[in-house]
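A short write-up of the structure that comes next.
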There are 2 protein chains.
Amino acid sequence: MRVTADDVAKAAGVSRAMVSRAFTPGASVAVRKREHVLRVAKALGYRPNLIARGLTGQRTGLVAVVAGEISRPYEAWLLEHLVRVLSTNGYQPLLLPAFRDANMTEMIDHALAYQVDGAIVAAGSVSRDIADRCQASGAPLVLIGRVLEKNGADAVCCDNIKGMWQLVERLVKQGRQRIAWLGGTADTFSDQERSQGVEEALAHYGLSLQAQRRGNFSLSSGVSEGLALLDSRLSLDAIICANDAMALGVVEAAAQRGIRVPDDVAITGFDDVPGAAWGRCPLTTVRNPVNETALEALRLLETRVQDPTCDNQVIRVGVTLVPRSSG
Amino acid sequence: MRVTADDVAKAAGVSRAMVSRAFTPGASVAVRKREHVLRVAKALGYRPNLIARGLTGQRTGLVAVVAGEISRPYEAWLLEHLVRVLSTNGYQPLLLPAFRDANMTEMIDHALAYQVDGAIVAAGSVSRDIADRCQASGAPLVLIGRVLEKNGADAVCCDNIKGMWQLVERLVKQGRQRIAWLGGTADTFSDQERSQGVEEALAHYGLSLQAQRRGNFSLSSGVSEGLALLDSRLSLDAIICANDAMALGVVEAAAQRGIRVPDDVAITGFDDVPGAAWGRCPLTTVRNPVNETALEALRLLETRVQDPTCDNQVIRVGVTLVPRSSG
DNA sequence: TGAAATTTTGCACGCGCGTTCAAAAATCCC
DNA sequence: GGGATTTTTGAACGCGCGTGCAAAATTTCA
């Protein structure tokens with residue numbers, strides 16, 4: 001049924017080793033013979049069995065990708081870039097969904113059992129355990145959007161703090177002073193750094209937050225928390241949100257209350273996901289360079305494959321302010 | 001470095017075959033001995049190498065998943081369910097992104113070389129070629145959201161036509177008569193069936209489309225095409241869109257023109273993606289049951305693995321009208 | 001207690017491939 | 001043209017695992 005290198009060898013009248021060599025770029029094979037073998041192989045529909053190849057060799061070409069809730073815009077956007085970068089560089093992404101109630105330990109072990117060349121983890125939580133397991137099994141690990149305490153793993157992460165400084169600077173220069181913060185899920189690195197950035201920047205301008213609330217990075221939580229903020233009697237003139245989805249929710253909340261954006265209140269997001277520019281009020285936000293992030297993640301992975309003992313690196317990719325009409 | 005079954009055997013004082021049996025559920029092994037082996041294995045951090053296992057056995061546990069543009073809400077939503085279903089059933093999804101300019105032929109061949117147990121294709125286009133390649137290599141194939149002409153592959157697809165009938169029925173009963181159609185990318189199966197459903201249903205009520213335009217399933221195309229429809233002097237009272245994203249775009253367009261929804265014009269979507277219920281105007285739409293779709297896709301795959309020669313099946317999953325405030 | 005029936009175990013093989021090593025073929029130089 | 005050197009080739013091995021088969025160990029029954 002399945003055509004193996006032996007079949008090709010027989011059909012081409014050479015030894016099996018010959019076939020293997022014909023498919024190995026650097027191997028020393030007579031040009032004529034290689035062509036002949038490749039022709040026969042193609043005619044028979046032969047392709048080297050990557051599973052068998054992975055058994056002997058050091059590489060399988062498989063990379064585990066741990067993604068958060070894919071149906072969220074940012075995760076999907078990042079995943080798209082990650083998968084594309086891996087794919088076009090000859091890797092095959094093994095997708096592990098980090099959904100709620102998922103047994104991540106079991107899942108990562110399962111992936112590791114496939115002898116993945118490495119793992120890229122883009123899910124906010126449960127990273128510590130995963131890091132340990134990867135390290136124990138010797139699989140290179142790269143974290144995205146999160147750096148581990150005491151430098152426990154390679155990571156690439158955007159400059160959350162700088163991004164928030166830029167946002168705050170813009171708002172302050174617009175004369176806004178009564179600013180509120182809408183944070184995301186509490187145990188995430190993004191929430192921590194972004195909120196820290198906001199507070200630092202405000203302090204620098206002699207200001208402080210008028211209110212703080214917390215959503216879960218979803219649009220719907222943006223709506224409900226946004227309503228709560230707007231309904232309070234704080235006469236806010238700006239709401240800084242931890243991500244775009246919540247900012248869009250707050251825009252919606254403002255519309256429901258007849259509050260003008262950005263005249264009455266400015267609303268800002270973070271990430272600049274596709275879709276932040278659309279909708280009723282194009283979002284002023286900070287661009288999170290996911291493509292560069294994906295590229296750097298792969299680079300870190302390959303660096304560590306080459307030298308598993310090198311020091312952990314943390315790459316900070318740059319962000320840019322994207323001023324639009326919401327603030 | 002890596003701990004193999006031999007290491008465990010040595011440490012446990014048994015033969016390697018013993019170790020293998022201890023990890024094989026159905027095998028006949030003394031209970032005491034199995035426990036002993038498993039204990040030693042755990043202590044050593046041993047897990048069977050799934051690559052090696054896949055080499056001999058008929059199954060690898062790998063399933064290729066071809067997804068369209070992941071950053072679009074519907075694709076992401078479907079992918080999330082697919083991956084979750086596969087994952088929780090012991091399969092490992094190999095994600096192939098069908099981005100523009102991707103060499104799908106090369107990518108699918110590459111995945112096939114990993115001896116995947118099957119492929120699930122959820123990307124609108126380029127399915128014919130993929131189907132041929134899968135069949136040639138004997139890998140079961142399941143299409144989602146598309147059925148091939150002359151029944152060329154197993155497929156699961158929602159009942160587009162019925163969904164559109166329900167939508168049209170609702171609009172007509174509201175007294176709407178000047179109805180326009182905003183279609184999606186031309187060569188997609190969804191666009192064809194949905195547009196067919198609208199026309200059939202309208203004809204049944206003695207009506208016909210007042211206008212037709214075509215976007216590309218994206219929100220931005222919904223905005224631009226929506227503006228075009230609304231700016232025409234057709235005094236439309238309903239716009240039926242081929243998916244939710246475009247419908248949201250049309251809602252936005254209506255807002256820009258100060259046209260009230262649904263009082264002046266009704267706007268409907270399709271899929272009921274998360275997010276269709278949020279935003280300025282919760283969408284009247286048709287629920288596309290992605291979870292059931294994912295489940296059925298896996299079922300078809302497993303059915304075909306068991307009997308590769310059985311007739312191709314096309315599962316039509318049911319849809320339900322979701323009336324909200326947009327129409 | 002001894003032989004027969006029944007587990008339980010270990011040996012050996014093969015999955016499809018890359019790769020080492022020595023033999024064979026081709027090339028070279030004088 | 002013959003011997004030395006280089007290139008090309010093919011047989012054999014191992015990667016880590018599952019499994020068929022026969023030997024060994026255990027249990028059963030009289």
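Reminder, nothing fancy here: chain letters follow the sequence lines and each chain counts from 1.
Other residues, nucleotides and ligands contribute at most 12 non-hydrogen atoms within 6.0 Å of the CD atom of B/Gln306. For CD of A/Glu106, the number of neighbouring non-hydrogen atoms (other residues, nucleotides, ligands) closer than 6.0 Å is greater than 12. For CG of A/Asp307, the number of neighbouring non-hydrogen atoms (other residues, nucleotides, ligands) closer than 6.0 Å is greater than 12.
Nucleotides of DNA chain C lying under 4.0 Å from heavy atoms of chain A occupy a range whose first and last members, 5' to 3', are C/dG16 to C/dC21.
Atoms CG and OH, from A/Leu82 and A/Tyr91 in turn, are 13.5 Å apart once rounded to the nearest 0.5 Å. A distance of 11.5 Å separates CG of B/Leu295 from CD1 of B/Ile315, quoted to the nearest 0.5 Å.
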All N/O contacts under 3.5 Å from nucleotides 20-28 of chain D to the protein, with atom names and distances to one decimal?
| unit_1 | atom_1 | unit_2 | atom_2 | d |
| --- | --- | --- | --- | --- |
| D/dG20 | O6 | B/Arg21 | NH2 | 3.0 |

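Electrostatic pairing of B/Arg39 and B/Glu35 does not count as a salt bridge here, judged by no charged N lying under 4.0 Å from a carboxylate O.
Toward the 5' end of DNA chain C, the nearer of the two residues A/Arg47 and B/Ala30, judged by each one's closest nucleotide, is B/Ala30. With DNA chain C read from its 5' end, the first of the two nearest nucleotides for B/Leu55 and B/Arg16 is the one closest to B/Arg16. Nearest-nucleotide mapping onto DNA chain D: of A/Gly13 and B/Asn49, the residue sitting toward the 5' end is A/Gly13.
The distance between atom CE of A/Met18 and atom P of D/dT7, rounded to the nearest whole Å, is 15 Å.
With D/dC17, D/dT9, D/dG10 as the choices, the nucleotide that has an atom nearest any side-chain atom of A/Val29 turns out to be D/dT9.
A/Phe23 comes within contact range of no nucleotide atom at all, as no heavy-atom separation falls under 4.0 Å. Among the atoms of the strands shown, only primed sugar atoms or phosphate atoms (P, OP1, OP2) are found under 4.0 Å from some heavy atom of B/Thr4.
Under a 3.5 Å cut-off, the side chain of A/Arg146 and the backbone N or O of A/Cys157 do not form any donor-acceptor pair. Not a single donor-acceptor pair under 3.5 Å links the side chain of A/Arg2 to the backbone N or O of B/Ser137.
Phosphate proximity of D/dG10 to A/Ser15: present, with a side-chain N or O under 4.0 Å from OP1 or OP2.
Considering all non-hydrogen atoms of both residues, B/Asn288 and B/Trp77 come closest at O-CH2, 3.4 Å.
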Let's go through A/Phe217 and A/Tyr74 carefully: what are the C-alpha distance in whole Å and the side-chain angles of both, what is the deciding distance for ring-ring contact (aromatic ring centres under 6.0 Å, His included) to 0.1 Å, and is it a yes or a no?
CA-CA 10 Å; A/Phe217 287 128; A/Tyr74 171 72; 8.9 Å; no

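Partner B/Val65 forms a side chain to side chain contact (heavy atoms under 4.5 Å, CB included) with one of B/Ile144, B/Leu96, B/Val116, B/Leu86 and no other, that one being B/Leu86.
Of the residues in residues 33-41 of chain B, not one comes within less than 4.0 Å of DNA chain D through any heavy atom.
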